[in-house]
Student: 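Sharing a structure with you now.
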Amino acid sequence: MNTIVSAIIINYNAAHLTTRAVSSIVDDKDNTNVEVIVVDNSESHSESDILRKLINANVKIIVNEKNIGFGRACNHAYKAAEGKYILLLNPDAYLLHGTLSKLVDFLENNTRAGAVCPRIYWDDERIFLLPPTYKYSPFDCIRDQLFHSSSWLLQLYSQRHRHRTIRILRMDRPSKQSSLSGGLVLISREAIESSGGLFDARFFMYFEDADLFRRVRANHYHLYMEPSALAVHNYNQCGNNISDNKRIYMHEAHKNYLNKYDPHGWARYICKILSNVLPKASLPISKYLGVLTKPPVFPINFGTDNEWLMEWSPNPNLIPSAVHFGSGYPAVFPEEAWKLLGPGRYYVRFGNIEKFYLDCTWHWDIQNQHE
């Protein structure tokens with residue numbers, strides 16, 4: 001039988017996570033005519049040895065002698081792939097039962113759909129939902145510059161972004177998206193080929209998916225989220241030991257993206273002028289909880305029903321944020337989700353479905369990895 005789906009997973013010093021991602025595909029009996037290709041970028045023989053030992057023998061493993069980057073590694077696997085559809089799956093993500101077949105059915109029944117993602121949770125307990133991915137344009141930096149010039153405008157921008165995120169996350173029908181994440185998505189080969197190929201090799205890591213889905217949309221394909229399909233993406237659990245390098249990769253990728261879609265630098269020129277003439281908005285008021293070693297408790301009470309919406313983010317403006325719909329008093333940051341947080345500063349904001357409350361924002365620091 002012809003291969004329907006080619007699943008591509010890029011491993012970088014995360015063999016045990018990669019094994020889990022592979023198992024979520026091959027152990028699901030609903031997944032037929034699926035091939036799995038793992039590319040190891042780890043530059044470590046011990047990683048490739050673990051992969052060969054733990055992963056199903058029918059899985060194809062490609063070992064690179066050096067780290068060639070996420071985009072190039074995906075392209076390498078894509079050349080060997082035979083599927084009508086391409087599943088891109090990060091090592092720290094995995095599919096729940098029946099998800100892949102639902103995504104395939106959706107693309108089969110929607111000819112102008114170029115790609116589709118599932119509803120994605122951040123933690124294994126499926127408490128926090130990850131926000132949708134929004135398209136990025138070079139001229140968005142002008143918008144951001146304007147909104148960050150006033151505390152009132154920044155609050156308005158945050159509220160607007162929050163409203164759109166909640167609306168999408170609460171939908172029970174497939175919804176069109178402006179962009180998708182390359183860490184967990186099913187793409188039709190036809191959309192890839194007609195849009196100039198999978199990833200632009202100029203992007204070592206980051207922004208390769210923003211570029212791909214910009215090309216796919218420009219070629220008149222639609223992007224969707226299918227809420228009946230479920231997956232978990234323990235976001236940012238890979239490569240924590242190279243966080244400094246990640247920042248460098250992000251900076252370089254951002255520059256490459258701007259060079260590609262703003263070759264004359266007009267957006268950057270306008271942003272530079274605005275940054276010199278506009279004031280800087282003060283950050284939202286937030287209560288500091290100190291350096292924490294266990295989940296914080298938030299003494300909030302929103303009335304008789306006591307239903308609330310918790311957002312957390314490493315960004316002080318809470319854009320983007322993972323979202324948890326909860327209830328009860330007091331509110332506690334979930335224990336299992338807490339274990340996924342690495343060193344850094346984190347922000348939490350509470351509100352109801354309609355709006356957030358300015359006096360219900362907290363932040364804290366984590367200094368060490370959890371034991």
Student: Check whether NZ of the Lys or CZ of the Arg Arg214 lies under 6.0 Å from the centre of the six-membered ring of Tyr136 and within 45 degrees of that ring's axis.
Tutor: no

Student: Would you say the side chains of Tyr134 and Asp140 form a donor-acceptor pair under 3.5 Å?
Tutor: no

Student: Under 6.0 Å between ring centres, would you say that holds for Trp362 and Phe298?
Tutor: yes

Student: Apart from Leu54 itself, what residues make up its hydrophobic cluster when side-chain heavy atoms of I, L, V, M, F, W and Y under 4.5 Å apart count as a link, directly or indirectly?
Tutor: Ile50

Student: According to the ring pair (Phe, Tyr, Trp, His ring centres under 6.0 Å) rule, which pairs have a member within residues 269-292, sequence neighbours left out?
Tutor: Tyr288-His363

Student: Would you say Tyr347 and Met310 are hydrophobically clustered, going by side-chain heavy atoms of ILVMFWY under 4.5 Å?
Tutor: no

Student: Other members of the hydrophobic cluster containing Val297, with the 4.5 Å side-chain heavy-atom rule, please.
Tutor: Val332

Student: Taking only residues two or more places apart in sequence or in another chain, which ones pass salt bridge (charged side-chain N to carboxylate O under 4.0 Å, His left out) with Glu208?
Tutor: none

Student: Could Glu226 and Lys102 be called an ion pair, given the rule that one side-chain N must be under 4.0 Å from one carboxylate O?
Tutor: no

Student: Judged by modelled atom types alone, do Tyr157 and Arg143 share a side-chain donor-acceptor pair under 3.5 Å?
Tutor: yes

Student: Taking the side chain as everything from C-beta on, heavy atoms only, tell me whether Tyr257 gets closer than 4.5 Å to Phe203.
Tutor: yes

Student: Can you tell me which residue pairs pass the side-chain hydrogen bond (donor to acceptor under 3.5 Å, both in side chains) test with a partner in residues 110-121, sequence neighbours excluded?
Tutor: none

Student: Without swapping roles, check the side chain of Lys260 against the backbone of Lys255 for a donor-acceptor pair under 3.5 Å.
Tutor: no

Student: Run through Ser175, Ser181, Ser179 and flag the one making a side-chain hydrogen bond (donor to acceptor under 3.5 Å, both in side chains) with Gln177.
Tutor: Ser175

Student: Mind checking whether Tyr206 and Tyr249 have ring centres under 6.0 Å apart?
Tutor: no

Student: Which Ile, Leu, Val, Met, Phe, Trp or Tyr residues join Leu88 in one cluster when any pair of side-chain heavy atoms under 4.5 Å counts as a link?
Tutor: Ile8, Ile10, Ile37, Val39, Ile62, Phe70, Tyr78, Ile86, Leu180, Val185, Ile187, Ile192, Leu198, Phe199, Leu212, Phe213, Val216, Tyr221, Leu223

Student: Show the numbers, then the answer: is there a ring-ring contact (aromatic ring centres under 6.0 Å, His included) between Trp122 and Tyr235?
Tutor: CA-CA 6 Å; Trp122 173 57; Tyr235 180 75; 8.8 Å; no

